[in-house]
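All remarks here apply to the structure that follows.
Everything quoted here is computed from the prediction, not taken from an experiment.
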Amino acid sequence: MTRVLLLGVPRSGTTWSGRVLGHTAGTAYVNEPDGDTEPYAFTARLGFGGPPTLDPGEEHRAYERLWAGAFAGGARPTGVTARAARYLNAKVEAGARFRAWYGDGLTPRLRIVRAWTRPMVAAPDARHVVVKTVRAEFTAEWIVDRFAPTVLLVERNPLNVLSSWIDLGYARDDREFHAYAARAERWGITPPAEPVEVERQTFTYAVMATALREAATRHGWLRTTHEHLCVDSVVRFRELATRLGLEWGDEAARFVEASDREGSGYRTERRTADQPERWRHRLTDEQVERILATLERFPTLERPAV
């Protein structure tokens, strides 16, 4: 089975890219097995006290079971308790999961989810599997060391990423910011002392993006950009699929063409021609200035052209 790990930060075009590649012949697409609303991910992410962080060679049984199930094809377990765990997890308020991950304890419903949930299982007919995550910036090297997938990092103009984060209210929590700030301080990067919201969001983004970029550089992982894929999308995705060892076909081409239409929020339909410069209609001049000033702290990230 060909295994592909698709990495990126939230709102960088990874879902669109993953869904396109998931429409190649014989491919199972697994969307965020470690995601915020995935039942087994809730269990696997407990105990880290923030973003999951593992170095190659470390042991973590629950996290390993999560990724073993994903790379086997990511089929949903069908047992009664597993289905009940998915139902109960969907009823949990998002903040309760977040608070549990940061050490505030479990609600009664989350205790049941933890007890009943099961990892994903094999997809019997899959010849290839594409697993997409936006929560593995500090575990990607561990995952690759354990499961040896081919890696694709999808990047995007930070102004486009952050305009979306602002619209959706990402990265507002103090504890989350301090967790990422602590990581940056290990690199010798000082966080802003009293950041306004856009600076907090930009700094969090930049830590995520830097961790992924530096890992990709160390290991020679394949990189592309959302903006690149938005031009001649069928041609460029076909080339990308070939490099990843996937089998391009008419179904994937039709999906690309069908997704080139208006969309919003978490939907993956977009007018591709509008995407590279979309931030110009969504950010104020002051926001752009604060974003660029914050990104200056991170030398391995290119300054976006304005």
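The main-chain N or O of Pro51 is found under 3.5 Å from a side-chain atom of Thr53 such that the two form a donor-acceptor pair. In terms of modelled atom types and a separation under 3.5 Å, the side chain of Arg109 and the main chain of Lys91 share a donor-acceptor contact. The backbone N or O of Ala41 sits nowhere less than 3.5 Å from a side-chain atom of Glu38 that would complete a donor-acceptor pair. Using modelled atom types, no side-chain atom of Arg238 and backbone atom of Trp248 make a donor-acceptor pair closer than 3.5 Å.
For the side-chain contact (heavy atoms from CB on, under 4.5 Å) test, residues two or more places apart in sequence or in another chain that qualify with Arg186 are Arg183. Qualifying side-chain contact (heavy atoms from CB on, under 4.5 Å) partners for Ala171, counting only residues two or more places apart in sequence or in other chains: Trp165, Glu176, Gln201, Thr204. For Ile112, the side-chain contact (heavy atoms from CB on, under 4.5 Å) test picks out Leu88, Trp116, with sequence neighbours left out. Listed by chain and number, the residues in a side-chain contact (heavy atoms from CB on, under 4.5 Å) with Arg97 are Thr37, Phe42, Asn89, Val92, Ala94, Trp101, Leu110 (sequence neighbours excluded).
Note: Thr224 OG1 to Leu153 CG = 9.5 Å, rounded to the nearest 0.5 Å. Note that OH of Tyr205 and OG of Ser12 are 8.0 Å apart. Values are rounded to the nearest 0.5 Å. The distance from atom OG1 of Thr139 to atom CZ of Arg45, rounded to the nearest 0.5 Å, is 9.5 Å. To the nearest 0.5 angstrom, Leu212 atom CG is 10.5 Å from Arg223 atom CZ. With values rounded to the nearest 0.5 angstrom, Arg254 atom CZ is found 13.5 Å from Ser259 atom OG. Taken from CD in Glu199 to OG1 in Thr294, the straight-line distance is 4.5 Å, to the nearest 0.5 Å.
The two residues Val113 and Pro39 make their nearest non-hydrogen contact at CG1-O, 4.2 Å. Nearest heavy-atom pair across Phe203 and Thr190 is CE1-O, 3.9 Å. Taking both residues in full, the closest heavy atoms of Pro77 and Arg86 are given as O-NH1, 3.0 Å, listed atom of the first, atom of the second, then distance. When all heavy atoms of Trp187 and Ala211 are compared, the pair lying nearest together is CH2-N, 3.9 Å. Of all non-hydrogen atoms in Thr14 and Leu7, the two that sit nearest each other are CG2-O, 3.8 Å. Closest of all the heavy-atom pairs between Ala209 and Val9 is N-CG1, 3.8 Å.
Cluster annotation: Tyr29 is connected to Leu222 through the hydrophobic network of ILVMFWY side chains, with a link wherever side-chain heavy atoms come within less than 4.5 Å. Leu244 and Val235 fall into different hydrophobic clusters, where Ile, Leu, Val, Met, Phe, Trp and Tyr residues are linked whenever their side-chain heavy atoms come under 4.5 Å apart, directly or through other members. There is no path of hydrophobic side-chain contacts, each under 4.5 Å, that joins Met120 to Leu46. Cluster membership check: Val134 does not share its hydrophobic cluster with Phe138, using side-chain heavy-atom separations under 4.5 Å among Ile, Leu, Val, Met, Phe, Trp and Tyr. Linking ILVMFWY side-chain heavy atoms closer than 4.5 Å, directly or via other members, places Phe98 and Leu168 in two distinct hydrophobic clusters.
The local environment of OH in Tyr87 is sparse, with at most 12 non-hydrogen atoms from other residues, nucleotides or ligands closer than 6.0 Å. Within a 6.0 Å sphere centred on CZ of Arg280, other residues, nucleotides and ligands contribute more than 12 heavy atoms.
Checked against a 6.0 Å centroid threshold, the rings of His60 and Phe48 count as neighbours. For Tyr63 and Trp142, the gap between ring centers is short of 6.0 Å.
The one candidate from Arg297, Arg290, Arg200 that meets the side-chain contact (heavy atoms from CB on, under 4.5 Å) condition with Pro192 is Arg297. A salt bridge (charged side-chain N to carboxylate O under 4.0 Å, His left out) with Asp167 is found for one member of Arg11, Arg278, Arg282 and no other, namely Arg282.
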side-chain contact (heavy atoms from CB on, under 4.5 Å), that's the test. Do Val131 and Val4 meet it? Break it down for me.
CA-CA 6 Å; Val131 184; Val4 175; over 6 Å; no

Verdict with supporting geometry, Phe237 and Ser17, side-chain contact (heavy atoms from CB on, under 4.5 Å)
CA-CA 8 Å; Phe237 268 115; Ser17 300; 4.0 Å; yes

May I have the step-by-step check of side-chain contact (heavy atoms from CB on, under 4.5 Å) for Thr225 and Val154, ending in yes or no?
CA-CA 5 Å; Thr225 69; Val154 177; over 6 Å; no

Check against side-chain hydrogen bond (donor to acceptor under 3.5 Å, both in side chains), Tyr180 and Glu185:
CA-CA 9 Å; Tyr180 284 99; Glu185 287 171 338; over 6 Å; no

Could you walk me through whether Thr27 and Thr24 pass side-chain hydrogen bond (donor to acceptor under 3.5 Å, both in side chains), step by step?
CA-CA 6 Å; Thr27 299; Thr24 54; 2.8 Å; yes

For the pair Val129 and Met1, evaluate side-chain contact (heavy atoms from CB on, under 4.5 Å) and give the outcome as yes or no after the intermediate values.
CA-CA 7 Å; Val129 60; Met1 177 182 284; 3.6 Å; yes

For Thr2 and His128: C-alpha separation, side-chain torsions, deciding distance, then whether side-chain hydrogen bond (donor to acceptor under 3.5 Å, both in side chains) applies.
CA-CA 4 Å; Thr2 302; His128 317 291; 3.0 Å; yes

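The side-chain heavy atoms of Arg76 and Arg118, taken from C-beta on, include no pair separated by under 4.5 Å. Residues Val130 and Val30 fail the side-chain proximity criterion, which asks for heavy atoms closer than 4.5 Å. The closest side-chain heavy-atom distance from Asp104 to Arg175 is below 4.5 Å. Between Lys132 and Thr15 there is a side-chain heavy-atom pair separated by less than 4.5 Å. Using a 4.5 Å heavy-atom threshold, the side chains of Pro149 and Val144 count as touching. Counting heavy atoms from C-beta outward, Leu295 and Pro158 have side chains that approach closer than 4.5 Å. At least one side-chain heavy atom of Pro191 sits under 4.5 Å from a side-chain heavy atom of Phe177. Counting heavy atoms from C-beta on, the side chains of Pro33 and Phe71 never come closer than 4.5 Å.
For residues 56-65, every residue pair satisfying the salt bridge (Lys or Arg N to Asp or Glu O under 4.0 Å) rule, not counting sequence neighbours, is listed here: Glu59-Arg146, Glu64-Arg146.
Between Phe255 and His23, the angle of the ring planes stays under 30°, which puts this pair in the parallel group of the 30/60° scheme.
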All N/O donor-acceptor pairs, side-chain side in residues 214-221, below 3.5 Å, sequence neighbours left out:
| unit_1 | atom_1 | unit_2 | atom_2 | d |
| --- | --- | --- | --- | --- |
| Thr217 | OG1 | Arg213 | O | 2.9 |
| Arg218 | NE | Glu141 | OE2 | 3.1 |
| Arg218 | NH2 | Glu141 | OE1 | 3.0 |
| Arg218 | NH2 | Glu141 | OE2 | 3.2 |
| His219 | NE2 | Glu141 | OE2 | 2.6 |

